[in-house]
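A quick note: this is a predicted structure, and the numbers were derived from the prediction, not measured.
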Amino acid sequence: MDGTRLPNIDQGLWAMNMVDGALRMAMPNPSARQAMGLNGVSEKLYEPLGWFLWLDNAPGPYGLELLDAQTRGRSLFLVRCYPAPDSPLFSLLSEKERCLRCSPRFDDTGTPVQEDCVEPDSWMFVVGALGLTPKHGDTASGMRVELLTDPGWTQSASWRLYDFMVCLLCHHHGLAAHRAESVHGAQEIPWQLCCDLAPGAGKAPSRPVPWSNPLWWRPHCLGITACGVEYDD
């Protein structure tokens, strides 16, 4: 999977806004960050647009970049992972990736230096893609979240990001519905969830609680306290 700049960024604004809104809702609340394993987030300063994410129990920081989009259809985000030099996954990188990861082009956070606005080659550090598709072409009817992962990266890297994104978006979906923000979905309609694995990717890890249960995503079920955020009782 190669990363390319989106010809018409406007087509992907709905997906960018949804992810951005979900991150902005989670970040100010330490209880929500702890429940989701979110340690930090930083917006990319150059194209392709997206974010850097730091998660618990991950081999390194992640990059999430808008790759392709349709106005009322699927938006595809490229998933990159930057394993730390002491991570077991570091040896799975190519020689060029390992050299770049240890060079001054990466800062102490484990991500590319943004001030340089120099993007690594499009194929580098890619472990999969995340797809967001409005159900029936309308986000109010639900959302399909897909993981298209490169062989060998499913359990070791890409699944952790997918698991986090489902938690983040479902959490935001429930709160937005409570606030009657119809652009993010109706309160009682569960999202359609799908994990698509590339050939040879292996079996996906099991999930202890079904994602499709809308009641499970209420804040008290996640163990999240208000901390200034208006959560449903």
Side-chain angles (χ1 to χ4, degrees), residues 1-9 11-12 15-16 19-20 40-55 57-70 73-133 145-166 194-205:
M1 300 179 185
D2 287 340
T4 57
R5 286 168 172 76
L6 196 64
N8 183 6
I9 187 62
Q11 293 180 341
M16 292 288 294
V19 176
D20 185 70
V41 58
S42 177
E43 292 185 48
K44 289 190 61 182
L45 302 178
Y46 51 87
E47 293 187 2
L49 299 178
W51 304 266
F52 294 113
L53 300 165
W54 291 264
L55 307 178
N57 302 316
Y62 289 95
L64 189 66
E65 306 166 358
L66 187 61
L67 175 63
D68 190 19
Q70 301 173 7
R74 184 177 72 168
S75 287
L76 196 65
F77 290 85
L78 196 70
V79 178
R80 301 182 193 270
C81 183
Y82 309 101
D86 59 354
S87 167
L89 293 186
F90 188 75
S91 62
L92 300 181
L93 300 176
S94 69
E95 182 179 359
K96 185 174 182 180
E97 288 171 318
R98 293 196 300 270
C99 290
L100 181 61
R101 176 64 181 82
C102 295
S103 74
R105 288 183 58 186
F106 275 69
D107 59 25
D108 293 338
T109 70
T111 57
V113 177
Q114 295 213 67
E115 287 75 9
D116 293 343
C117 293
V118 178
E119 182 74 7
D121 291 346
S122 60
W123 61 269
M124 300 183 77
F125 305 103
V126 174
V127 297
L130 183 81
L132 301 180
T133 307
V145 187
E146 303 170 87
L147 174 65
L148 299 96
T149 185
D150 281 358
W153 290 108
T154 305
Q155 298 198 34
S156 58
S158 56
W159 186 264
R160 176 66 185 95
L161 190 278
Y162 179 72
D163 181 75
F164 164 75
M165 290 301 299
V166 170
C194 174
C195 179
D196 290 338
L197 301 181
K203 184 179 180 181

Between M165 and L132, is a side chain to side chain contact (heavy atoms under 4.5 Å, CB included) present by the stated rule, with each step listed? CA-CA 10 Å; M165 290 301 299; L132 301 180; 5.7 Å; no

Taking it one step at a time, do L148 and L76 satisfy side chain to side chain contact (heavy atoms under 4.5 Å, CB included)? CA-CA 10 Å; L148 299 96; L76 196 65; 4.1 Å; yes

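Between L161 and the choices V166, V127, V79, the side chain to side chain contact (heavy atoms under 4.5 Å, CB included) rule is met once, by V79.
Atoms CZ and SG, from F125 and C81 in turn, are 9.5 Å apart once rounded to the nearest 0.5 Å. With rounding to the nearest 0.5 angstrom, the NZ atom of K44 is 10.5 Å from the CG atom of L66. Atoms CZ and CG, from R74 and L130 in turn, are 10.0 Å apart once rounded to the nearest 0.5 Å. In this structure, N57 CG and R160 CZ are separated by 6.0 Å, a value rounded to the nearest 0.5 Å. Here the CE atom belonging to M124 is positioned 5.5 Å from the NZ atom belonging to K96, to the nearest 0.5 angstrom.
The backbone N or O of T109 sits less than 3.5 Å from a side-chain atom of W54, completing a donor-acceptor pair. Remark: the backbone N or O of P83 is paired with a side-chain donor or acceptor of R101 at under 3.5 angstrom. Side chain of Q114 to main chain of E43: a donor-acceptor pair is present (N/O by atom type, distance under 3.5 Å, no hydrogens or angles).
The closest side-chain heavy-atom distance from F77 to M16 is below 4.5 Å.
In this structure, V145 and Y162 approach most closely via the heavy-atom pair O-OH, 2.8 Å. P112 and Y82 get closest at one heavy-atom pair: CD-CZ, 3.9 Å. Shown here for P61 and G110, the closest heavy-atom pair between the two residues is CG-O, 3.7 Å.
Residues passing the ring-ring contact (aromatic ring centres under 6.0 Å, His included) test with Y62: none are found, sequence neighbours excluded. By the salt bridge (charged side-chain N to carboxylate O under 4.0 Å, His left out) test, D20 is found to be paired with R24, residues two or more places apart in sequence or in another chain being considered.
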Using atom types as modelled, flag every donor-acceptor pair under 3.5 Å from a side chain in residues 86-94 to any protein atom, sequence neighbours excluded.
from : atom 1 : to  : atom 2 : distance (Å)
S87  : OG     : L89 : N      : 3.2
S91  : OG     : P88 : O      : 3.2
S94  : OG     : E97 : N      : 3.1
S94  : OG     : E97 : OE1    : 3.2

